[in-house]
Amino acid sequence: MAKEKGIKVIEDLPGIGPTSSEKLKAAGYETLDSIAAAAPAAIAEVTGMSLEAAKKAVDAAKQSTTLEFSTASDVYERRKSLGAIKTGAASLDEILGGGVETGGITEVYGKFASGKTQLGFQLSVNVQLPHDQGGLEGAVLFIDTEGTFRPDRIEGIAKSAGLDPKKVLDNIFVVRATTSDQQVLTAERADKLIKENNIKLIVVDSLMSVFRSEYMGRGALAERQQKLNAHIHKLQSLADTHHLVVYITNQVMDNPAILFGDPTTPVGGNIVAHAATTRLYMRKSKEEKRIVRLVDSPNMPEAEAVIKITPMGIKD
Ligand code: GTP
Ligand code: MG
């Protein structure tokens, strides 16, 4: 195959002008690689171009990108250089291999009141701690889709962690997203905010709630999944580019197809399941106790930890 010459950026692709390139970027396709890996139908959908033209653009993107290899040692070095935020509970940090890792998406799913939001609050405080105390000395972008962000609770957790509550609150940028468009656009436009404020944690609490309420009925499901896919793709790229933690919460639905064991499944389907690097399932136990199961991890075995939600925050 002839090598396409001179294709260095998205705008160099055949048929992609400034308008299409803007649309692609807004949908999470920011690099030639992301277009090379995309289905032509998805590119056609996003840009409004014909399927034929989209195929040409994707083919050109494929030929323009070179495959880069890393040795296993490189990968190992990179893994070791990843940062992590401690959760407040040593048992949970241990099953996670040190804490919640940067560079990927950590999803926590569970029923109401299982503690998903509380863990998000705790991480929003802990990320601000010095490195030697389990933090990343960074700020937070908190995308609140359910209206459950509670500054007073953050204040309490911050005091317990020995931090100045005012400073902690000043370092949490809260966006109340009531539509999926607001939610998606917040992530799309986050790069500048992240760089300027040294954001090291993005919380999306919860990922699916507005998507679910907006896209009711099966007719719109494909459209929803496509938008969700681009959103998650963008979150993943933020985690990767800025070496930060993306923490997303997810609801569960009862799954009557599962007759034995715990008949609940996280919503969002395979798109969410495959995108999350690390997945945790949280459930209520007695009183303030919660059981957290590590369901999926790149490097740690499946395991469970018992934590407590105390007045001072998450503890063992
Ligand atoms: P949904 O968003 O409804 O799906 O639930 P969630 O998983 O986000 O639950 P959340 O993290 O909000 O946990 C709620 C539970 O945390 C409550 O039932 C309390 O047990 C505990 N909790 C919430 N706020 C406080 C607080 O201020 N102090 C203490 N000690 N516990 C709290
Ligand atoms: Mg919640």
Side-chain angles (χ1 to χ4, degrees), residues 85-89 91-93 96 99-100 105-127 140-163 165 168-169 172 174-178 180 182-183 186 201-214 228 235 245-255 262-269 272-273 276 278-295 304-316:
I85 309 171
K86 287 222 176 359
T87 62
S91 58
L92 180 52
D93 292 339
L96 285 166
V100 181
I105 298 178
T106 294
E107 177 199 2
V108 177
Y109 63 92
K111 287 188 174 170
F112 65 94
S114 56
K116 307 179 292 293
T117 297
Q118 292 299 313
L119 183 53
F121 290 167
Q122 187 72 51
L123 293 173
S124 300
V125 172
N126 288 8
V127 69
V140 185
L141 169 59
F142 200 111
I143 306 177
D144 175 19
T145 70
E146 301 187 330
T148 51
F149 182 77
R150 278 179 48 203
D152 56 310
R153 176 64 169 153
I154 298 274
E155 192 174 34
I157 297 173
K159 276 186 195 154
S160 306
L163 293 170
V168 167
L169 289 168
I172 304 177
V174 185
V175 176
R176 172 78 175 99
T178 54
S180 64
Q182 286 172 350
Q183 183 179 336
T186 303
L201 168 67
I202 299 176
V203 176
V204 185
D205 185 20
S206 73
L207 180 76
M208 293 295 302
S209 54
V210 286
F211 276 92
R212 276 183 103 187
S213 54
E214 282 174 19
L228 183 63
L235 291 170
V245 169
V246 172
Y247 173 85
I248 61 179
T249 69
N250 204 353
Q251 298 137 325
V252 291
M253 56 186 174
D254 287 322
N255 185 348
D262 200 346
T264 52
T265 323
V267 298
V272 184
T278 302
R279 310 185 80 204
L280 294 166
Y281 173 41
M282 258 182 146
R283 62 188 200 274
K284 265 186 108 159
S285 179
K286 285 203 179 101
E287 285 141 22
E288 53 184 10
K289 280 192 192 155
R290 299 290 187 277
I291 301 160
V292 189
R293 165 164 283 271
L294 181 67
V295 179
E304 271 185 4
V306 179
I307 63 168
K308 281 183 191 156
I309 306 177
T310 76
M312 298 173 60
I314 306 274
K315 300 282 169 201
D316 272 298

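Each ligand, and each atom within it, is numbered from 1 in the order the structure gives.
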Who's touching ligand 1 if we go heavy atoms under 4.0 Å? Lys111, Phe112, Ala113, Ser114, Gly115, Lys116, Thr117, Gln118, Glu146, Arg150, Arg153, Arg290, Ile309, Thr310, Pro311
Taken to the nearest 0.5 Å, the spacing of Met282 CE from Leu92 CG works out to 7.0 Å
Short of 2.8 Å from the Mg ion (ligand 2), name each protein N/O/S atom, waters not counted. Thr117 OG1
What is the minimum heavy-atom distance between Val140 and Val127, and which atoms define it? CG2-CG1, 3.5 Å
Short side-chain to backbone donor-acceptor contact, Thr145 and Ser206, under 3.5 Å: yes
From CA spacing to verdict: side chain to side chain contact (heavy atoms under 4.5 Å, CB included), Leu119, Tyr247: CA-CA 9 Å; Leu119 183 53; Tyr247 173 85; 3.3 Å; yes
Value for CD1 (Ile202) from OG (Ser124), rounded to nearest 0.5 Å, stands at 11.5 Å
Using side chain to side chain donor-acceptor pair (under 3.5 Å) as the criterion, list what pairs up with Thr186, not counting sequence neighbours. none
If the condition is salt bridge (charged side-chain N to carboxylate O under 4.0 Å, His left out), which residues does Arg150 pass it with, not counting sequence neighbours? Asp152
Testing the basics here: between Val306 and Lys289, what is the closest heavy-atom pair and its distance to 0.1 Å? CG1-CD, 4.0 Å
Heavy-atom donor-acceptor pair, Lys284 side chain to Ala113 backbone, under 3.5 Å: no
